[in-house]
Amino acid sequence: MLIKNARKRPRTTAVFCSLLLVSAASGQSSQVTAQTATHYSSIAAKIPAGDLYQSSGTKKMAALLQEIYLASDWKSDPNKQFERINYYRSLLQGSLSFTDEVAVREEMAKEMLRAGDSQAAITELEKLRSLAKEKSQKLLPAAEQQLGEWLALSYLRLGEQENCLHMHGQKACIFPIRQSGIHHLQRGAEGAVRELTRLLAKNENDFESRWLLNVAYMQLGRYPRDVPKQWLIPENFFDSEQDIGEFPDYAPIAGLDVTGHAGGAIMEDFDGDGLLDMMVTSSGPLDQMHLFHNNGNGSFTDVTIKAGLLGETGGLNLVVTDYNNDGHPDVLVLRGGWWGKYGRYPMSLLRNNGNGTFDDVTEDAGLMSLHPTQTAAWADFDNDGYLDLFVGHESRKDDPCLSQLFHNNGDGTFSEIAVPSGLAEVGFVKGVAWGDYNNDGRPDLYVSAMDGGNRLFRNDGPVDGSNSPIRSWRFTDVTAAAGVTTQRHSFATWFFDYNNDGWPDIFVAGYSSDSLQDIGAFEMGKPFKAETPRLYRNNHDGTFTDVSKAAHLDRAILVMGANFGDLDNDGFLDIYLGTGDTYYQALLPNRMFRNADGKRFLDVTTSGGFGHLQKGHAIAFGDLENTGNEDVFEEMGGALPGDTYQSVLYHNPGHGNHWITLELEGVKTNRAAFGARICVTIKTARGEREIYRTVGYGSSFGGNPLRQHIGLGDATLIDKVEVFWPTSNTTQRFQSVKVDQMFRLREGDEHLVPVQR
């Protein structure tokens with residue numbers, strides 16, 4: 001019997017199919033699922049009437065989300081481990097041959113681990129060893145090895161749960177693990193060391209086990225002292241290239257340490273009080289989203305129920321917008337990513353009512369569709385003053401799901417026009433971004449895909465000159481001509497001007513690994529085959545040059561959530577990359593890179609305390625305390641039901657540089673000012689310098705605020721602020737602007753208006 005190495009996304013195995021007793025399981029499945037599902041009506045009944053708001057659209061969406069979950073087949077739905085565990089338990093009540101009993105216990109242990117019951121998984125896996133001895137049976141060498149791998153993972157995960165999750169501290173899971181990050185309860189790490197040592201004794205070139213062994217010794221507080229020399233990874237491998245200063249995790253202090261799965265995050269002032277709030281989702285189908293109000297004193301209050309968001313569950317990503325130009329930031333929730341046919345969940349458009357509440361207006365707006373997705377981006381592609389929407393779906397040959405382009409009709413509704421615009425068939429999409437790469441005033445579209453088919457579409461305007469996007473709008477595929485085709489598989493992407501030359505560049509995170517051995521090989525500085533990020537520098541002529549290696553950005557793998565901001569207010573945009581994969585053994589540090597004068601990126605991961613080992617998803621940079629320094633929020637947790645973790649808030653200690661923050665309001669341009677370009681000119685000791693930003697540019701897997709925080713270095717006065725408005729095709733200029741202030745600017749107004757912070 002060979003224990004299958006299930007390092008693929010959860011699916012029905014051959015063993016499962018051969019033993020499946022549909023008649024016995026069908027009734028059990030419905031019973032277990034009904035017990036698992038959250039009944040929001042009963043929750044609502046317990047909430048005081050004054051605290052509960054829930055629009056009819058939100059109630060309808062909540063019911064639909066539950067209905068889809070309940071209707072999915074528990075035998076292969078990746079989110080229904082508990083139903084399968086109970087099924088396996090029922091099989092063990094019968095009479096099984098040795099081979100079948102081993103197969104059932106093996107599959108049950110794997111499901112237990114995926115469900116988060118690590119101790120139960122360990123118990124069952126240890127039983128497999130004892131069962132073989134009792135029956136005088138011998139497992140094949142490959143089966144014995146894989147049993148050891150699963151036990152090592154189970155012990156590792158047990159240690160994480162008992163210490164990092166349940167006794168969560170400020171340094172929990174921050175790599176390299178030191179001080180209070182060392183595990184107090186050590187049975188998990190001890191078991192992992194035991195199993196990993198066995199594996200390495202049989203194969204000293206097992207890079208995955210070697211990497212995890214060093215991590216386990218760190219958890220015990222015995223690294224590097226007790227790590228066998230032949231398997232030790234030297235400490236200097238993890239040194240930062242520059243000291244950025246420690247950014248401690250303030251999430252528990254601030255009340256933002258919400259526990260969840262992989263999900264989205266938006267940092268935005270949702271209630272107009274001048275303070276940035278936080279909205280967070282978790283991708284589990286029954287996971288409730290959360291809205292946290294910024295109290296202005298370093299703490300946050302969960303106002304989810306008062307905001308009318310009860311029943312808005314799931315969501316692997318969030319995207320901010322102002323689709324109706326009322327000045328109140330709205331939100332798009334994206335669901336079903338990675339789940340294939342089990343990911344046919346609707347997205348949600350949440351309208352901000354301006355009074356602290358949100359309504360789900362998905363159906364009324366014409367956005368109701370059931371497709372697996374986690375990525376979308378807003379832009380006014382036809383410059384009519386209203387934000388349009390591109391949604392990238394995960395399309396496969398055996399499950400085609402066309403992507404969608406929604407034109408904003410200006411009355412709260414949208415019309416879908418992807419097919420005539422040539423944007424429907426774009427593959428298994430994992431990231432999308434709008435950006436005006438040729439500076440012609442029209443936003444272009446970049447699509448990041450998992451099938452090696454990344455695409456850059458140039459926005460060429462109306463086909464017939466009628467300026468009617470609903471009839472036909474031309475997007476020309478210029479991928480090859482632009483030179484942005486060098487990746488096989490990719491994930492998060494964005495446009496930004498990393499070198500401040502006034503032309504938007506493209507960042508694309510790589511996401512593929514031929515084997516999880518790549519993780520160990522990468523962390524040990526050995527050759528690996530995993531995909532790395534790409535940085536495409538804009539050549540100002542419609543083409544790009546891949547400068548990833550020259551800029552030193554080819555030093556991260558398995559990048560999921562990612563975003564950019566200015567850690568030290570020097571005016572150059574830095575990059576934070578959240579890493580990981582579905583598998584529990586994908587424990588590798590998230591990575592922070594400081595932009596050094598737009599020439600190269602320096603790894604400052606360990607010096608800043610950014611090297612979290614848990615799965616890093618949506619990331620947002622923003623000044624949460626209005627101190628002039630950008631903090632970094634990261635939504636944590638994995639895809640498996642048992643892979644949960646607390647979100648992280650890295651608090652910026654400050655670096656003494658100056659800054660300016662601009663809040664723009666469009667009049668002819670869309671009110672949220674998506675696409676408006678900012679140029680700030682300053683004088684420094686090294687001469688005059690220009691700093692560029694564009695509103696609405698941001699990661700396809702993370703949510704920065706729409707207000708533009710711009711670092712100025714040591715400049716004490718701004719010579720000039722220029723803002724270009726794409727719809728009116730006008731530029732406003734302001735001379736001699738003070739630093740360290742926030743200003744509001746309305747399109748067409750003569751003055752910058754200071755905002756009291």
Side-chain angles (χ1 to χ4, degrees), residues 249 251 254 256-268 270 276-284 287-292 300 312-321 329 331-338 347-348 350 373-378 391-392 429-433 448 490-494 496 507-509 511 556 558-565 575-582 590-592 610 612 614-622 624 630-639 643-650 696-706:
D249 176 13
L256 290 176
D257 56 335
V258 58
T259 299
H261 298 97
I266 292 176
M267 191 182 291
E268 187 56 75
F270 287 110
L276 295 174
D277 310 302
M278 285 298 316
M279 183 177 283
V280 184
T281 58
S282 176
S283 58
D287 295 351
Q288 173 65 50
M289 76 181 305
H290 293 274
L291 174 61
F292 295 94
F300 290 75
E312 292 287 347
T313 58
L316 186 52
N317 197 10
L318 292 170
V319 187
V320 71
T321 181
V331 174
L332 185 73
V333 185
L334 299 159
R335 300 182 175 98
W338 293 118
M347 56 187 170
S348 281
L350 304 178
T373 183
Q374 73 158 73
T375 187
W378 296 84
V391 184
V429 183
K430 293 305 297 178
V432 294
S448 169
S490 57
F491 207 148
T493 186
W494 62 68
F496 74 151
F507 175 85
V508 196
Y511 193 79
L558 292 176
V559 176
M560 301 181 298
N563 218 328
F564 59 86
I575 291 176
Y576 189 42
L577 305 177
T579 60
D581 204 325
T582 304
N590 299 320
R591 293 184 177 270
M592 182 71 83
F610 298 110
H612 215 296
Q614 295 297 319
K615 316 296 171 58
H617 288 89
I619 292 168
F621 285 72
L624 287 173
E630 288 194 299
D631 307 302
V632 185
F633 180 88
E634 184 174 20
E635 202 280 342
M636 310 295 289
D643 198 359
T644 58
Y645 202 78
Q646 291 95 337
S647 293
V648 180
L649 174 61
Y650 298 107
Y697 282 11
S699 173
S700 60
F701 204 175
N704 287 352
L706 295 178

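Here the structure is a predicted model, which is why all the values come from computation and not from measurement. Atom set for the values below is all heavy atoms of this structure, side chains included, hydrogens, waters and symmetry mates excluded.
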**Request:** Give the intermediate values and the outcome of side-chain contact (heavy atoms from CB on, under 4.5 Å) for residues Glu635 and Val648.
**Result:** CA-CA 7 Å; Glu635 202 280 342; Val648 180; over 6 Å; no
**Message:** Would Met347 and Val391 count as a side-chain contact (heavy atoms from CB on, under 4.5 Å) here? Give the steps.
**Reply:** CA-CA 10 Å; Met347 56 187 170; Val391 184; 3.9 Å; yes
**Request:** Test salt bridge (charged side-chain N to carboxylate O under 4.0 Å, His left out) on Arg335 and Glu312 and set out the steps.
**Result:** CA-CA 11 Å; Arg335 300 182 175 98; Glu312 292 287 347; 2.9 Å; yes
**Message:** Run Asp277 and Glu268 through side-chain contact (heavy atoms from CB on, under 4.5 Å) and show every step you take.
**Reply:** CA-CA 5 Å; Asp277 310 302; Glu268 187 56 75; over 6 Å; no
**Request:** Would you sort out whether Ser647 and Val258 count as a side-chain contact (heavy atoms from CB on, under 4.5 Å), showing the intermediate values?
**Result:** CA-CA 6 Å; Ser647 293; Val258 58; 3.6 Å; yes
**Asked** Given the rule in the side chain to side chain donor-acceptor pair (under 3.5 Å) test, do Asn563 and Ser699 qualify, once you have shown the distances and angles that lead to the verdict?
**Response** CA-CA 5 Å; Asn563 218 328; Ser699 173; 4.7 Å; no
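Summarising the geometry of Ala620 relative to Gly703, their closest heavy-atom pair is CB-O, 3.2 Å, with the distance given to 0.1 Å. The minimum heavy-atom distance linking Leu318 with Ala265 is given by the pair CD1-N, 4.0 Å. Nearest heavy atom pair, residue Ile619 against residue Glu634, reads CG1-CG, 3.9 Å. In terms of heavy-atom proximity, Leu334 sits nearest to Ala376 at CD1-N, 3.6 Å. For the residue pair His612 and Gln614, the shortest heavy atom distance occurs at ND1-N, 3.2 Å.
By the side chain to side chain contact (heavy atoms under 4.5 Å, CB included) test, Ala254 pairs with Leu256, Phe300, Leu649, sequence neighbours left out. By the side chain to side chain contact (heavy atoms under 4.5 Å, CB included) test, Ser700 is found to be paired with Thr375, Ala492, Thr493, residues two or more places apart in sequence or in another chain being considered.
Within the 4.5 Å cutoff, no side-chain heavy atoms of Phe491 are placed close to those of Val559. Counting heavy atoms from C-beta outward, Met279 and His290 have side chains that stay 4.5 Å or more apart. Taking 4.5 Å as the limit, some side-chain heavy atom of Lys615 sits within range of a side-chain heavy atom of Met560. By the 4.5 Å heavy-atom criterion applied to side chains, Phe496 and Ile575 are counted as neighbours. Contact of the Glu630 side chain with the Leu624 side chain is not registered, since no non-hydrogen atoms from C-beta on lie closer than 4.5 Å.
The main-chain N or O of Gly392 is found under 3.5 Å from a side-chain atom of Thr373 such that the two form a donor-acceptor pair. Using modelled atom types, no side-chain atom of Ser348 and backbone atom of Val333 make a donor-acceptor pair closer than 3.5 Å. Judged by distance alone, with hydrogens and angles left aside, the side-chain atoms of Thr281 form a donor-acceptor pair with the main-chain N or O of Gly264 at under 3.5 Å.
Note that the CE atom of Met267 and the CG atom of Asn704 stand 7.5 Å from one another [nearest 0.5 Å]. To the nearest 0.5 Å, the span separating OG1 on Thr321 from CG on Leu350 amounts to 11.5 Å. Rounded to the nearest 0.5 angstrom, Leu316 CG and Gln374 CD are separated by 4.0 Å. Atoms CD and OG, on Gln288 and Ser282 in that order, are 10.5 Å from each other to the nearest 0.5 Å. Summarising the geometry, atom CG belonging to Leu558 is positioned 11.0 Å from atom CG belonging to Asn590; distances are rounded to the nearest 0.5 Å. Considering CZ of Phe633 and CG of Asp249, their distance stands at 9.5 Å, rounded to 0.5 Å.
Under the ring pair (Phe, Tyr, Trp, His ring centres under 6.0 Å) rule, Tyr576 has a single partner from Phe507, Phe701, Tyr650, which is Tyr650.
Between the side chains of Tyr511 and Asp581, a donor-acceptor pair is found at a separation under 3.5 Å. Side-chain contact check for Asp287 and His261: at least one donor-acceptor pair (N or O, by modelled atom type) lies under 3.5 Å.
When ring centroids are compared, Trp494 and Tyr697 stay outside the 6.0 Å threshold.
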